[in-house]
Amino acid sequence: MAANNRRMSGKKGAQVGSGGQRRRGLEGKGPTPPAEMRKGHKKNRIATAKAKQTARRPAPRGRGGKSSSELVVGRNPVVEALREGVPASTLYVQQFIDNDERVREALQLAAERGGINLMEAPRPELDRMTNGLNHQGLVLQVPPYEYAHPEDLAEAAYDEGEDPLIVALDGVTDPRNLGAVVRSVSAFGGHGVVVPERRAAGMTAGAWKTSAGTAARTPVARATNLTRALEAYKKAGIVIVGLAADGEHEIGELEALQGPVVIVVGSEGKGLSRLVGETCDFRVRIPMPGGAESLNAGVAAGIVLYEAARRRG
């Protein structure tokens, strides 16, 4: 019996399994990441150095000023922003991220666009950057938008031998409406959009997406005080036309649209503010046989811009 025990003691006991790790190790890990994402690669070191240098460099100030940088957070929003051509400076990717289809597409789009730094960062760093939002391992940094000055829009039109056709937004706070107006201005040959500096939508990633790329060629100016900016336009011989549900003129009757004009569009709920309304040379209404009380800023601006383009054509 003792001999039998000795023989049994020489055998191996229960073995701990690999938990499937060996099998997973044999699975494919997707396409090789770009050089900028491979730690230790020369391009990765260059991209990291550029990103740090950009973060330290003070932003130049234009005549219209700059907005602050913005972060697009989450896999779907990042992919959509890259698809729509939203300007981007850096794509942050979480270390050891699950390499799914959206992550691969984001990396591919960023590499194809060029000029976008690819940075790998640990999850705690991305949590800190996004204030704890559900970033899903992808964060896209949108650089500050450089606004024009309201005077620049009129000067650019005259330089092209054209009468200025400008849209000013009064109290419009939805970036998607701003993007839609930018798109309409581009479609109908306008020369830019003016927005107030405070309590108004700015050129965010949402506005860029709604503009469908037209924001790249249609300037947006920011005015410290919209009423004073409109008064400056009037002194320069430009007619100010405000849209109002109770306007004295119908849009189809207004011959002023044939010349230099600024079309002022108010918010859907409140319309034009008192001071802005008093500054307008004409207050016009859009006939609505269907009985709707108002139109959103993007639709209203598109209708008036079409009428202006028709008269000028």
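- A 6.0 Å sphere centred on CD of Glu255 holds no more than 12 heavy atoms belonging to other residues, nucleotides or ligands.
- Heavy atoms of other residues, nucleotides or ligands lying less than 6.0 angstrom from CD of Glu248 number more than 12.
- Within a 6.0 Å radius of CG in Asp98, other residues, nucleotides and ligands contribute 12 heavy atoms or fewer.
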Handout entry: Full working for side chain to side chain contact (heavy atoms under 4.5 Å, CB included) between Val86 and Val142
Key = CA-CA 8 Å; Val86 174; Val142 179; 4.0 Å; yes
Practice task
Apply the test side chain to side chain contact (heavy atoms under 4.5 Å, CB included) to residues Asn99 and Arg104: give CA-CA distance (whole Å), side-chain angles for both, the deciding distance (0.1 Å), then the verdict.
Solution key: CA-CA 7 Å; Asn99 196 8; Arg104 289 193 293 270; 3.1 Å; yes
Exercise for the section: Evaluate side chain to side chain contact (heavy atoms under 4.5 Å, CB included) for Leu91 paired with Met119, printing each intermediate quantity in order. Expected result: CA-CA 6 Å; Leu91 174 61; Met119 296 286 294; over 6 Å; no
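- Side chains of Arg285 and Glu250 form a contact here, defined as non-hydrogen atoms less than 4.5 Å apart.
- Residue Tyr147 comes nearest to Gly202 through the heavy atom pair OH-CA, 3.4 Å, listed as atom of the first residue, atom of the second, then distance.
- Inter-residue side-chain proximity for Val139 and Val78 is flagged as unmet; no heavy-atom pair is nearer than 4.5 Å.
- By the 4.5 Å heavy-atom criterion applied to side chains, Val182 and Val220 are counted as neighbours.
- When every heavy atom of His149 is checked against every heavy atom of Ala221, the shortest pair comes out as C-CB, 3.7 Å.
- The nearest pair of heavy atoms linking Ala106 to Leu138 is CB-CD1, 3.9 Å.
- Salt bridge absent: Glu231 and Lys235 never bring a charged side-chain N and a carboxylate O closer than 4.0 Å.
- With rounding to the nearest 0.5 angstrom, the CG atom of Leu257 is 9.5 Å from the CZ atom of Phe282.
- Linking ILVMFWY side-chain heavy atoms closer than 4.5 Å, directly or via other members, places Val195 and Val261 in a single hydrophobic cluster.
- The backbone N or O of Ala154 lies less than 3.5 Å from no partner atom in the side chain of Tyr233, so there is not a single donor-acceptor pair.
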Exercise for the section: Carefully, step by step, assess Arg183 and Thr210 under the rule side chain to side chain contact (heavy atoms under 4.5 Å, CB included). Expected result: CA-CA 8 Å; Arg183 188 172 183 177; Thr210 311; over 6 Å; no
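- Put simply, the residue from Leu230, Leu226, Thr227 that forms a side chain to side chain contact (heavy atoms under 4.5 Å, CB included) with Leu275 is Thr227.
- Looking at Arg176 and Lys209, their side chains never come closer than 4.5 Å, going by heavy atoms from C-beta outward.
- Other residues, nucleotides and ligands contribute only 12 or fewer heavy atoms inside 6.0 Å of the OH atom of Tyr306.
- The hydrophobic cluster containing Val299 also contains Ile251, counting ILVMFWY residues as joined when their side-chain heavy atoms lie under 4.5 angstrom apart, directly or transitively.
- Judged purely by atom type and a 3.5 angstrom limit, Thr218 has no side-chain atom pairing as donor or acceptor with the backbone of Ala215.
- Here the straight-line distance linking atom CD1 of Ile263 with atom CG of Leu165 works out to 5.0 Å at 0.5 Å rounding.
- In this structure, Met129 CE and His135 NE2 are separated by 9.0 Å, a value rounded to the nearest 0.5 Å.
- Between Arg283 and Asp246 a salt bridge is recorded (basic side-chain N to carboxylate O distance below 4.0 Å).
- When all heavy atoms of Leu272 and Gly242 are compared, the closest pair comes out as CD1-CA, 3.9 Å.
- Linking Ile, Leu, Val, Met, Phe, Trp and Tyr whenever their side-chain heavy atoms come within less than 4.5 Å puts Tyr145 and Leu178 in one cluster.
- Salt-bridge annotation for Arg310 and Glu307: present, with a side-chain N of the basic residue lying under 4.0 Å from a carboxylate O of the acidic one.
- For the pair Val284/Leu243, a side-chain contact is recorded, criterion being any heavy-atom separation below 4.5 Å from C-beta on.
- Here the straight-line distance linking atom CG of Asp170 with atom OG1 of Thr279 works out to 9.5 Å at 0.5 Å rounding.
- For the pair Tyr92 and Leu140, the minimum side-chain heavy-atom distance is 4.5 Å or more.
- Across all non-hydrogen atoms, the minimal contact from Ala216 to Trp208 is N-CZ3, 3.6 Å.
- Residues Val262 and Val167 form no side-chain contact, since every pair of their non-hydrogen atoms from C-beta on lies 4.5 Å or further apart.
- Glu70 contributes a side-chain N or O that, together with a main-chain N or O of Ala205, makes up a donor-acceptor pair within less than 3.5 Å.
- Gln136 and Arg75 are not linked by any side-chain donor-acceptor pair at a separation below 3.5 angstrom, with hydrogens and angles left out of the test.
- Put simply, the side chain of Arg311 gets close to the backbone of Gly252: a donor and an acceptor are under 3.5 Å apart.
- Contact annotation: the side chain of Ser186 approaches that of Arg217 to within less than 4.5 Å [non-hydrogen atoms, C-beta and beyond].
- Nearest heavy atoms, Gly298 versus Ala180: CA-CB, 4.1 Å.
- Residues Val172 and Val194 do not share a hydrophobic cluster, clusters being chains of Ile/Leu/Val/Met/Phe/Trp/Tyr side chains in contact below 4.5 Å.
- Note: Met203 CE to Ser211 OG = 5.5 Å, rounded to the nearest 0.5 Å.
- Here Glu105 contributes atom CD and Asp100 contributes atom CG; the two are 10.5 Å apart, rounded to the nearest 0.5 Å.
- Linking Ile, Leu, Val, Met, Phe, Trp and Tyr residues whenever their side-chain heavy atoms come within less than 4.5 Å places Tyr158 and Ile240 in a single cluster.
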